[in-house]
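First the proteins, then the strands, lettered A, B, ... as listed; each starts at 1. Treat the numbers as computed from the prediction; the structure is a model and nothing was measured.
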2 protein chains.
Amino acid sequence: MNTAADFQADILSAVAHPNRIRILEKIRYGINCNCEIAPELNMEQSNLSRHLKILVKSGILRSWKEGLRTNYEIADKRIYKLLDIAADIAKTKLEKQTEVFA
Amino acid sequence: MNTAADFQADILSAVAHPNRIRILEKIRYGINCNCEIAPELNMEQSNLSRHLKILVKSGILRSWKEGLRTNYEIADKRIYKLLDIAADIAKTKLEKQTEVFA
DNA sequence: TATATATATGATCGATTACTCATATATGGA
DNA sequence: TCCATATATGAGTAATCGATCATATATATA
């Protein structure tokens, strides 16, 4: 049986990778085609494709075909709230660590 | 070089495990000793110990010794905001999936 | 139809993760 | 001191993950 924690973990682990976070940031600022993301992030094409697939499968992204291209958009904008909080937590953590040397 | 995405991913992957989410929920509701968490979650002792260590190392939990016991508390409460958003996203996703059968 | 372009996927490989068992360490009490 | 209790950790293992290369598929265009 799956409990709430399992579903939460599914969402969180879909986002818990540096490249996937970078992908989501690109999409956040208007880039929504696979082909534009790849060169910007300097990622191997098949690797990017797989990361995008993970994000779609987890329900974070939605994708549609447009000729040769595959476009992506956010399916649930709250994921950005989640990323922002993670950034805040990480920032505080770093500040506390460097405090020692101040 | 580490970028923001790396630090965010560190936080997120520390939380992205069902048992660690369950641990955080126990602590949220006042249980803060290792020895009380283990039986409640039906986890093997060494396994729990390692999960707690991951949470401490990532800066999400803080721990202190009290005789034989090791107690834990949240170091950054915003982690609960993060968990709540993950739960909301997961809930919406499930609703959309079951919509098909309605 | 032949070719170029964009994306997806099979196969493989090394690294990491989660778990368990056994054991070590550290503390408190009889 | 001896023993019980709570926690931590080394070693081993199976499973999963991330990356890459080669190749397949699908579509647009000459």
Side-chain angles (χ1 to χ4, degrees), chain A residues 1-3 5-27 30-73, chain B residues 1-3 5-27 30-73:
Chain A
M1 222 291 263
N2 278 343
T3 68
D6 292 295
F7 295 118
Q8 282 165 290
D10 285 345
I11 296 294
L12 290 167
S13 46
V15 200
H17 188 285
N19 281 334
R20 290 198 288 273
I21 293 173
R22 289 184 193 109
I23 290 169
L24 291 171
E25 289 300 331
K26 290 297 169 193
I27 293 175
I31 294 176
N32 62 358
C33 173
N34 205 322
C35 55
E36 296 170 78
I37 298 169
E40 289 231 21
L41 295 183
N42 201 28
M43 285 175 71
E44 214 261 341
Q45 178 270 322
S46 65
N47 192 21
L48 173 60
S49 183
R50 279 177 222 275
H51 280 298
L52 284 164
K53 195 177 177 180
I54 290 168
L55 289 168
V56 170
K57 206 174 154 201
S58 74
I60 291 167
L61 291 182
R62 214 186 341 254
S63 73
W64 69 99
K65 279 279 198 180
E66 205 173 80
L68 278 178
R69 295 166 161 232
T70 308
N71 293 312
Y72 295 87
E73 69 178 11
Chain B
M1 224 292 264
N2 276 344
T3 68
D6 293 295
F7 295 118
Q8 282 165 288
D10 285 344
I11 297 293
L12 290 167
S13 46
V15 200
H17 188 285
N19 280 334
R20 290 198 289 274
I21 293 173
R22 288 183 193 111
I23 289 169
L24 290 171
E25 289 300 332
K26 289 298 170 193
I27 293 176
I31 292 177
N32 62 358
C33 173
N34 205 322
C35 55
E36 295 170 80
I37 298 170
E40 289 231 21
L41 294 183
N42 200 27
M43 285 175 71
E44 212 263 340
Q45 179 270 322
S46 65
N47 192 20
L48 173 61
S49 183
R50 279 177 222 274
H51 280 298
L52 284 164
K53 195 177 178 182
I54 289 169
L55 290 168
V56 170
K57 205 175 155 199
S58 74
I60 291 166
L61 291 182
R62 217 188 334 258
S63 74
W64 69 99
K65 279 280 197 178
E66 206 172 80
L68 279 179
R69 295 166 159 233
T70 308
N71 293 311
Y72 295 87
E73 70 179 10

Practice item. Measure across A:T70 and A:S63 and return the closest heavy-atom pair with its distance rounded to 0.1 Å. Key: CG2-CB, 4.1 Å
**Study point:** A:H51 vs D:dC17: side-chain N/O to OP1/OP2 distance below 4.0 Å
**Key:** no
Exercise for review: Send over the distance from B:L48 CG to C:dT20 P, rounded to a whole Å.
Suggested key: 12 Å
Practice item. Give a yes/no answer on whether the side chain of B:K53 brings an N or O atom under 4.0 Å of OP1 or OP2 in D:dT9. Key: yes
Point to revise | Selection from C:dT7, D:dT7, D:dA26 that lies nearest to any side-chain heavy atom of A:L68 | key: D:dA26
Practice item. Decide yes or no for A:I21 and B:L12: does some side-chain heavy atom of the first lie under 4.5 Å from some side-chain heavy atom of the second? Key: yes
**Study point:** Heavy-atom neighbours of B:N2 CG exceed 12 at 6.0 Å
**Key:** yes
Practice item. Confirm from the modelled atom types if B:S46 and C:dC19 form a donor-acceptor pair under 3.5 Å, side chain to base only. Key: no
Practice item. Using Watson-Crick or G-U wobble geometry with both distances below 3.5 Å, tell me the partner of D:dA11, or none. Key: C:dT20
**Study point:** Distance, rounded to the nearest Å, where A:L55 contributes CG and C:dA8 contributes P
**Key:** 12 Å
Check your understanding: If you take atom types as modelled and just measure distance, does the side chain of B:R69 reach the base of D:dT5 with a donor-acceptor pair under 3.5 Å?
Key -> no
Point to revise | Nucleotide D:dA19, atom C1' - distance to CD1 of A:I23 in whole Å | key: 13 Å
**Study point:** Atom-pair distance (CG on B:N71; P on D:dA8), nearest Å
**Key:** 11 Å
Check your understanding: Could one point to a donor on the side chain of B:Q45 or the base of D:dA6 with an acceptor on the other under 3.5 Å away?
Key -> no
Review point. Nearest-Å distance, CD (B:E44) to P (D:dA6)?
Key: 15 Å
Point to revise | Spacing of B:S49 atom OG and B:E44 atom CD [to the nearest 0.5 Å] | key: 10.0 Å
Exercise for review: Could you tell me whether the phosphate oxygens of C:dA8, OP1 or OP2, come under 4.0 Å of any side-chain nitrogen or oxygen in A:T70?
Suggested key: yes
Point to revise | Polar side chain donor-acceptor pair, A:R22 to A:N19, under 3.5 angstrom | key: yes
Exercise for review: Give a yes/no on whether any side-chain N or O of A:N47 is located under 4.0 angstrom from OP1 or OP2 of C:dA8.
Suggested key: no
Point to revise | Nucleotide C:dT23, atom C1' - distance to CZ of B:R50 in whole Å | key: 12 Å
Check your understanding: Within this structure, what is the CH2-to-P distance between A:W64 and C:dA8, rounded to whole angstrom?
Key -> 13 Å
Check your understanding: Below 4.0 angstrom from OP1 or OP2 of D:dA19, is there any side-chain N or O of A:N19?
Key -> yes
Exercise for review: Rounded off to whole Å, could you give me the CD1-to-P distance for the A:I54 and D:dC17 pair?
Suggested key: 8 Å
Study note, to complete from the structure: Judged by nearest nucleotide, the residue sitting upstream toward the 5' end of DNA chain D, A:M43 or A:K65, is A:M43
